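Since this is a predicted model, take the numbers as computed values, not measurements.
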Amino acid sequence: MLHKTRTALAAILAVGALTTTACSGGSGSAETESGIPIVNDGALTVCSNVPFEPFEYVGEDGEYTGFDMDLSREIAAGMGLELEVQNASFDGLQSGTVLAANQCDLIAAAMTITPEREANLAFSDPYYDSLQSLLVPADSPAKSLEDMSGKRIGIQQGTTGETYARDNAPSDTEVIAYQTDADLFQALQAGNIDGVFQDLPVNLKHADDKNFSLAGTYSTGESYGLAAKKDGSEKLITEINAQLAEMHSNGKYQEIYDKYFTE
C-alpha cells in the first residue's frame, strides 16, 4: 500500500549514561563471576531508547526508571552486578549497532521480537505482550485507523507500529516518522499530526491527559524480548532467561508489573 511519507526532523538522542561517566563502549573483555562476557567490569550495561513511558523514562530523581529499567535492575542484581544504562536511537538498537560497538551487553527497549530482528539479534524469552493503539485528540471524530483517511499519523521510526500503520492505514493517510515518543506526543499536542499510532501502554499514559483519547486498539500478537548480540551471547541469554524465570517464581515480576500497569 502506498502512503505519502516523510521523516520529521528530530535530533537523534545523544548516546550517554546517567549511571556512568563513560560514553564510549567498554572493552568487552570483562566477565561475570560465572564467566559471562560483559562490556564493563562489575556492571550489566543496558541500552534503551528514552523516553518510552511506562517502560523507560527519566524519573523525578534524575535516574532511569520504568518497567524495563526495573526488570533490568533486578536482573543485574541477580547476577551480582550494578546496572548501567545508555540511551541510543531506536534504529541503533534494532539493528544491533550498539551491541557490535560494545556499547552495551543488553537491549531493554520495549522491543518486539520479530523474524527480521532475530536475523541481527538474540532474544530472551518474551517478557511482555503488547497491543498497538491509535491516540487522537479528545474532540476527534476518529474511532479507528480507517477513519484516518486524509489525515496525518505519527509513528516512531523503525517500530512495529510503523509497519502496521503503513500496511493498514488508508492509502491517502500521511504517515510521519519521528525518532522518539516525546517527539510524537509534542507533534500531536501542537496539532502537527492528527493521531499517534504506537504501543498501547505508552498511549495509555498520554491518555491521562484528558485532551487526548484512544480511538482503537489492535491485536498484532506482539511480545517484547530483551536482546543481545546474535553470536556469542548464548551464556548471557541463558542467564537472562533464568533471572526472568526466577522473578516470575518469587513474585518480583508481578510486583514490578503491578507498579506500572495496575496501580
Side-chain angles (χ1 to χ4, degrees), residues 13 17-19 44-79 81-88 90 93-94 104 106-113 123-135 155-156 159-161 180-186 188 196-214 216-227 240-241 243-263:
L13 290 171
L18 284 179
T19 54
L44 179 67
T45 307
V46 169
C47 282
S48 192
N49 179 243
V50 181
F52 200 64
E53 192 174 355
F55 294 96
E56 36 265 337
Y57 59 100
V58 178
E60 294 180 357
D61 59 359
E63 297 291 329
Y64 286 117
T65 189
F67 184 66
D68 286 347
M69 298 296 96
D70 284 8
L71 282 182
S72 298
R73 192 168 286 108
E74 189 69 19
I75 289 169
M79 296 174 65
L81 303 171
E82 297 295 322
L83 178 69
E84 294 185 357
V85 180
Q86 300 241 351
N87 197 11
F90 196 79
L93 300 180
Q94 70 162 353
C104 49
L106 196 68
I107 294 170
M111 184 180 289
T112 300
I113 303 169
F123 280 96
S124 71
D125 292 336
Y127 69 90
Y128 184 86
D129 297 329
S130 181
L131 299 173
Q132 291 293 327
S133 63
L134 176 64
L135 183 77
I155 50 82
Q156 185 172 356
T159 62
T160 51
T180 71
D181 170 62
D183 297 327
L184 273 174
F185 193 51
Q186 288 169 7
L188 184 63
V196 167
F197 195 88
Q198 65 174 342
D199 293 12
L200 176 60
V202 184
N203 273 344
L204 280 173
K205 291 297 294 184
H206 293 319
D208 287 343
D209 181 338
K210 301 306 180 183
N211 292 314
F212 303 95
S213 63
L214 289 175
T217 59
Y218 303 84
S219 178
T220 55
E222 296 182 24
S223 294
Y224 296 164
L226 303 170
I240 297 301
N241 287 337
Q243 293 295 328
L244 287 172
E246 175 63 18
M247 291 168 66
H248 280 286
S249 177
N250 64 21
K252 192 64 180 181
Y253 177 93
Q254 190 65 46
E255 178 184 326
I256 296 172
Y257 182 94
D258 289 345
K259 176 180 177 181
Y260 292 100
F261 301 115
T262 63
E263 288 185 355

Next item on the list: Measure the shortest side-chain to side-chain distance between Ser130 and Thr112 over non-hydrogen atoms and say whether it is less than 4.5 angstrom.
Entry: no
Checklist line | Residues that Ser72 engages under side chain to side chain donor-acceptor pair (under 3.5 Å), provided they are two or more places apart | finding: none
Notebook entry, point to check: For Met247 and Asn250, which heavy atoms make the closest approach, and how far apart are they?
Noted result: O-OD1, 3.1 Å
Notebook entry, point to check: Checking side chain to side chain contact (heavy atoms under 4.5 Å, CB included) for the pair Tyr64/Val58: CA distance, chi angles, key distance, verdict?
Noted result: CA-CA 5 Å; Tyr64 286 117; Val58 178; 4.0 Å; yes
Notebook entry, point to check: What is the minimum heavy-atom distance between Phe123 and Ala227, and which atoms define it?
Noted result: CE2-CB, 3.9 Å
Note to self: Using the ring pair (Phe, Tyr, Trp, His ring centres under 6.0 Å) criterion, which residues pair with Phe67? Sequence neighbours excluded.
What the structure shows: Tyr128, Tyr253, Phe261
Next item on the list: Taking all non-hydrogen atoms of both residues into account, name the closest pair between Val46 and Ala108 and its distance.
Entry: CG1-CB, 3.5 Å
Note to self: Looking at Asn49 and Ala88, would you say the former's side chain and the latter's main chain have a donor-acceptor pair under 3.5 Å?
What the structure shows: yes
Next item on the list: Quick one: closest heavy-atom pair of Ile155 and Gly161, and the distance?
Entry: CG2-O, 4.1 Å
Checklist line | All ring pair (Phe, Tyr, Trp, His ring centres under 6.0 Å) counterparts of Tyr127, not counting sequence neighbours | finding: none
Note to self: So, using side chain to side chain donor-acceptor pair (under 3.5 Å) as the criterion, who are the partners of Gln186 when residues are at least two apart?
What the structure shows: none
Margin query: Please enumerate all residues that pass side chain to side chain contact (heavy atoms under 4.5 Å, CB included) together with Ser133, with sequence neighbours excluded.
Written below: Leu200, Asn203, Leu214, Thr217
Next item on the list: Spell out, as yes or no, whether a donor-acceptor pair under 3.5 Å connects the side chain of Asp125 to the backbone of Asn241.
Entry: no
Checklist line | Asp181 side chain to Phe52 backbone, donor-acceptor under 3.5 Å | finding: no
Check: Is there any side-chain hydrogen bond (donor to acceptor under 3.5 Å, both in side chains) pair reaching into residues 53-62, and which pairs are they, with sequence neighbours excluded?
Finding: Ser48-Glu56
Next item on the list: Would you give the length of the straight line joining atom CD of Glu84 to atom SG of Cys47, rounded to the nearest 0.5 angstrom?
Entry: 11.0 Å
Item checked: side chain to side chain contact (heavy atoms under 4.5 Å, CB included) partners for Gln243, two or more places apart -> Ile75, Met79, Glu239
Margin query: Here's a test for you: under ring-ring contact (aromatic ring centres under 6.0 Å, His included), which of Tyr260, Tyr224, Tyr257 qualifies with Phe55?
Written below: Tyr224
Notebook entry, point to check: In chain order, what residues pass the ring pair (Phe, Tyr, Trp, His ring centres under 6.0 Å) check against Phe185, with sequence neighbours excluded?
Noted result: His206, Phe212
Check: With Glu74, which residues qualify under salt bridge (Lys or Arg N to Asp or Glu O under 4.0 Å), at least two apart?
Finding: none
Next item on the list: Could you please spell out the steps behind the side chain to side chain donor-acceptor pair (under 3.5 Å) verdict for Thr160 and Glu222?
Entry: CA-CA 9 Å; Thr160 51; Glu222 296 182 24; 2.9 Å; yes
Next item on the list: Go through the structure and list residues passing side chain to side chain donor-acceptor pair (under 3.5 Å) with Lys205, not counting sequence neighbours.
Entry: none
Margin query: Assess the residue pair Val85 and Met69 against the criterion (side chain to side chain contact (heavy atoms under 4.5 Å, CB included)); give the C-alpha distance rounded to whole Å, side-chain angles, the decisive distance to 0.1 Å, and a yes or no.
Written below: CA-CA 8 Å; Val85 180; Met69 298 296 96; 3.9 Å; yes
Item checked: Separation of Arg73 CZ from Leu44 CG (nearest 0.5 Å) -> 11.0 Å
Notebook entry, point to check: Looking at Ser124 and Ile240, what are the two nearest heavy atoms and their distance?
Noted result: CB-CG2, 3.9 Å
Checklist line | Test side chain to side chain contact (heavy atoms under 4.5 Å, CB included) applied to Asn211 - qualifying residues, sequence neighbours left out | finding: Asp209
Notebook entry, point to check: What distance separates Thr45 OG1 from Leu106 CG, expressed to the nearest 0.5 Å?
Noted result: 10.0 Å
Note to self: side chain to side chain contact (heavy atoms under 4.5 Å, CB included) for Leu188 and Leu184? Distances and angles first, verdict last.
What the structure shows: CA-CA 6 Å; Leu188 184 63; Leu184 273 174; over 6 Å; no
Notebook entry, point to check: Got a second to check how far Asn87's CG is from Leu93's CG, nearest 0.5 Å?
Noted result: 8.5 Å
Check: What pair of heavy atoms forms the shortest contact from Ala110 to Asp199, and how long is it?
Finding: O-OD2, 4.2 Å
Checklist line | side chain to side chain donor-acceptor pair (under 3.5 Å) partners for Ser213, two or more places apart | finding: none
